[in-house]
2 protein chains.
Amino acid sequence: MTGGLVAQSSVGPRRLTTQRQLVASALHEAGRTVSAAELFAGLRGNNPRIGRATVFRTLDLLVEIGLAQRFEGDGHVYLYTSCAPIHHHHLVCRVCGGTTDIDDAEVDALIRSVHRRHDFVLDHASLDFYGTCSSCPAAK
Amino acid sequence: MTGGLVAQSSVGPRRLTTQRQLVASALHEAGRTVSAAELFAGLRGNNPRIGRATVFRTLDLLVEIGLAQRFEGDGHVYLYTSCAPIHHHHLVCRVCGGTTDIDDAEVDALIRSVHRRHDFVLDHASLDFYGTCSSCPAAK
DNA sequence: ATCCTAACTGATACTCGGTATCGTTAGCCG
DNA sequence: CGGCTAACGATACCGAGTATCAGTTAGGAT
Ligand SMILES: [Mn+2]
Ligand SMILES: [Mn+2]
Ligand SMILES: [Zn+2]
Ligand SMILES: [Zn+2]
């Protein structure tokens, strides 16, 4: 699951370090959206020899290569979720942090409709939706 | 356009101060999404007697009562736009900051579809879309 | 018009998520 | 191995947003 870290990109070789494996697997095992601070705290508990900056850098890298996705959390914090590197959209629960993949077809229909009416190029990466999942009490 | 500041809420009376009028009208005249820092700088240029915190507080207030809407900017900064206090969604151009209102009908269709399939309550306030408008060069 | 009081303001200090720096470590290739 | 250099971690730093609090002012009451 972390094999995707070995990059085939043109910006230089990527190294599969133990820290990157730790961050990637911690994110994957979280099973929900988590902040960099959360991940850092959890990793420090097990292995005190990991740096804060490394967690931030690795999360950026994972997003860049498509193995994670970034969301905006409520307290103006970035949240991350482990993700397959194929393009799709999410429902993000604001209560429990859980994410659910959306069928691209219904979203793409909206994108095409909007594009037809407004001549506006949607940035697909940002088309994720926030709310409350069925197993969480309806907030508000 | 600033009359809405006089509140009828249960959290105490709201006062229509000169600072609030300044912020509200500056935001309205911007005609696009702007950050709190931008507004503050512009207001300071004309009237040095306005505080940074007041700009932030007033923007929060405007969002709270529905006269402005908050977005997430690229540099992890909040952007604001003056807005009619009726529920609707936006296209936000990441290049020029311009916003366009979307017909609610097409968005609501998606919301209903998602809710039918996933039993997920969408937070309507967050359903805004980012991209590049037709009068801006296609980024990337 | 004047008073009164609570809402509001602005200077300042602070919090904290994220980033830049830089000397050190370690992945990877030959 | 040995060497190159990506990547690491400690630390300092930045900047958006918030808390504090003494002083100010809007606006209702008299
Ligand atoms: Mn996913
Ligand atoms: Mn609008
Ligand atoms: Zn949930
Ligand atoms: Zn534009």
Side-chain angles (χ1 to χ4, degrees), chain A residues 2-24 26-27 33-65 68 70-80, chain B residues 2-24 26-27 33-65 68 70-80:
Chain A
T2 55
L5 273 178
V6 178
Q8 60 286 13
S9 92
S10 59
V11 295
R14 292 267 162 72
R15 294 179 182 175
L16 181 52
T17 66
T18 57
Q19 292 90 340
R20 286 179 176 176
Q21 296 180 67
L22 284 174
V23 172
L27 179 61
T33 54
V34 288
S35 67
E38 263 181 285
L39 279 176
F40 177 56
L43 289 167
R44 263 293 167 99
N46 306 337
N47 176 358
R49 292 196 50 71
I50 189 166
R52 215 173 71 95
T54 297
V55 174
F56 280 94
R57 283 188 293 232
T58 301
L59 288 171
D60 287 348
L61 171 64
L62 291 173
V63 168
E64 185 186 332
I65 66 182
R70 169 155 49 198
F71 304 99
E72 296 284 347
D74 262 349
H76 205 227
V77 172
Y78 290 135
L79 298 181
Y80 299 84
Chain B
T2 56
L5 275 177
V6 179
Q8 61 284 13
S9 91
S10 58
V11 295
R14 292 268 161 71
R15 292 180 183 174
L16 181 53
T17 65
T18 57
Q19 291 91 338
R20 287 179 175 177
Q21 296 181 67
L22 284 173
V23 171
L27 178 61
T33 55
V34 288
S35 67
E38 264 182 284
L39 279 176
F40 178 55
L43 289 166
R44 263 292 166 99
N46 306 340
N47 175 0
R49 294 196 48 70
I50 189 165
R52 216 173 70 93
T54 298
V55 175
F56 280 92
R57 282 188 294 234
T58 301
L59 288 171
D60 287 347
L61 172 63
L62 291 173
V63 169
E64 187 186 331
I65 65 180
R70 169 156 46 198
F71 304 99
E72 296 283 347
D74 261 349
H76 207 224
V77 172
Y78 290 136
L79 298 180
Y80 299 84

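Lettering of chains follows the sequences in order, A, B, ..., and the numbering in each one begins at 1.
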Calculate the interatomic distance between B/L61 atom CG and D/dT18 atom P; express it in whole Å.
-> 14 Å

Dump the pairs, protein N or O against N or O of nucleotides 18-20 of chain C, anything under 3.5 Å, distances to one decimal.
from	atom 1	to	atom 2	distance (Å)
C/dG18	OP1	A/Y78	N	2.9
C/dG18	N7	A/R52	NH2	2.7
C/dG18	O6	A/R52	NH2	2.9
C/dT19	O4	A/R52	NH2	3.4

Reported CZ-to-CD1 distance for the pair A/F40 and A/I50, which is rounded to 0.5 angstrom = 7.5 Å

For A/F40 and D/dA10, give me the distance from atom CZ to atom C1', rounded to whole Å.
-> 10 Å

Do A/Y78 and A/R70 have side-chain atoms, one donor and one acceptor, less than 3.5 Å apart?
-> no

Interatomic distance, B/L16 CG vs C/dT9 P [rounded to whole Å] = 10 Å

Degree of bending in the helix from C/dA1-D/dT30 to C/dG30-D/dC1 once both end axes are built from five pairs, to 10° = 40°

Mind calculating the distance between CD (A/Q21) and C1' (C/dA26) to the nearest angstrom?
-> 13 Å

Closer to the 5' end of DNA chain D via nearest nucleotide, is it B/G75 or A/R49?
-> A/R49

Give, for atom CG of A/L59 and atom CG of A/L27, the distance between the pair rounded to the nearest 0.5 Å.
-> 6.5 Å

B/L22 has an atom CG; how far is it from atom P of C/dC8, in whole Å?
-> 16 Å

May I ask you to verify if any side-chain N or O of B/Q19 is less than 4.0 angstrom from the OP1 or OP2 atom of C/dC8?
-> no

Separation of B/Q19 CD from B/L43 CG (nearest 0.5 Å) | 10.0 Å

Would you say C/dT9 has OP1 or OP2 under 4.0 Å from some side-chain N or O of B/T17?
-> yes

Looking at A/T58, A/V55, A/L22, which one forms a side-chain contact (heavy atoms from CB on, under 4.5 Å) with A/L39?
-> A/V55

Rounded to the nearest 0.5 Å, what separation is found between the CG atom of A/L62 and the OH atom of A/Y80?
-> 9.5 Å

Taking only the side-chain heavy atoms of B/R20 (C-beta and beyond), determine which of C/dC8, D/dA6, D/dC8 contains the nearest atom.
-> C/dC8

Counting side-chain heavy atoms from CB outward, which of D/dA7, C/dG10, D/dA10 is closest to A/R44?
-> D/dA10

Spacing of A/R14 atom CZ and A/R20 atom CZ [to the nearest 0.5 Å] = 6.5 Å

Supply the atom-to-atom distance B/F56 CZ to B/S35 OG, rounded to the nearest 0.5 angstrom.
-> 8.0 Å

Nearest-Å distance, CZ (A/F71) to P (C/dG17)?
-> 20 Å

Given the rule in the salt bridge (charged side-chain N to carboxylate O under 4.0 Å, His left out) test, do A/E64 and A/R57 qualify, once you have shown the distances and angles that lead to the verdict?
-> CA-CA 10 Å; A/E64 185 186 332; A/R57 283 188 293 232; over 6 Å; no

Starting at atom CG of A/L39, determine the distance to atom C1' of C/dG17, rounded to an integer number of angstrom.
-> 14 Å

Under-4.0 Å side-chain N/O to phosphate OP1/OP2 contact, B/R15 with D/dT24 = no

Nucleotide C/dT24, atom P - distance to CD1 of A/I50 in whole Å = 21 Å

